[in-house]
Each structure stands twice: as structure tokens, then as C-alpha cells.
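One structure is given below, encoded as C-alpha cells.
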Amino acid sequence: MLFFDRDLNNFRLLFDLRAIDVGVVITRATELQTIFKSLGKGASYGSSTTHHEKLWPRIEGGGGGGCPILTFAIKPELYVDDGPPTEQQIAEAQKKPDEN
């Protein structure tokens, strides 16, 4: 995954320059794919996109150099279906910034 490779390389370089002490990656758990499919977004977030299972082999392979890396995977249990937006939410979202 290009994004993970880019991020891990940046972590390595910044760590070597002593600009950071740790890298943090927040991504999705692979299991979230079922939710994306149920929302009709499965093709947009398919198995070829970035997710936690694709990150670990890169970290274990030394992709971050000596930089410690903390990872978080967003799991399906965290998804809350709030339903469609209400008319009030739509109206507030359409207000100009100076009206809020």
C-alpha cells in the first residue's frame, strides 16, 4: 500500500532526524468492509485499500526503521447508524459560516 509505505518512510526519516519520538497510524479494521458493503460503498473501500491487516506486514518488515509505531484499527463495533439526516441538520449544514 502506497499510503502506508509513504507514512512509514516519513516516520523513519523524522525519527532519524529526532523530530518525532513515535509514529501513529489510525486506520480501519479489515472487518469494516462488511459495513461499507451494506452502505453501498464496498467498491470504494475494497480489499485493495489501506486497512490494518495490510499495515502489520510492513511494520514487522521494518518499514518504520527504528521509529516506534502505535497503530489503531477502527472496528465495526464503533459504527453507529444514526439514520438519514434530519431536516434541521440539513438546514444547519447549508447555513453560511457567518450565520452560525
Checklist line | Q88 atom CD, neighbour heavy-atom count above 12 within 6.0 Å | finding: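 Open.
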Checklist line | Polar side chain donor-acceptor pair, R12 to N9, under 3.5 angstrom | finding: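 N9 and R12 do have a side-chain donor-acceptor pair below 3.5 Å.
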Note to self: Would you say T30 and H52 are linked by a side-chain donor-acceptor pair, where the criterion is simply a distance under 3.5 Å?
What the structure shows: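 The answer is no; no qualifying pair exists.
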Should [X] and [Y] count as side-chain neighbours, where that means a heavy-atom distance under 4.5 Å?
X: W56; Y: T71; answer: yes
X: I69; Y: L8; answer: yes
X: Y79; Y: L32; answer: no
X: C67; Y: I20; answer: yes
X: F4; Y: V25; answer: yes

Next item on the list: Write down the atom of F15, the atom of P68, and the distance for their closest heavy-atom approach.
Entry: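 For F15 and P68, the tightest heavy-atom pair comes out as CE1-CD, 3.6 Å.
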Margin query: Please find the pair of heavy atoms, one from L70 and one from V22, that lie closest to each other, and give the distance.
Written below: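 Reported closest heavy-atom pair: N-CG2, 4.3 Å.
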Margin query: Nearest 0.5 Å, please: how far is CD in E31 from CD in E53?
Written below: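 It is 6.5 Å, given to the nearest 0.5 Å.
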Note to self: Please report the interatomic distance CZ(F72) to OG1(T27), rounded to the nearest 0.5 Å.
What the structure shows: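 The CZ atom of F72 sits 12.5 Å away from the OG1 atom of T27.
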Next item on the list: State yes or no: do I26 and L78 share one hydrophobic cluster built from I, L, V, M, F, W and Y residues joined by side-chain heavy-atom distances below 4.5 Å, directly or via other members?
Entry: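 As far as the 4.5 Å side-chain criterion goes, L78 and I26 are connected within one cluster.
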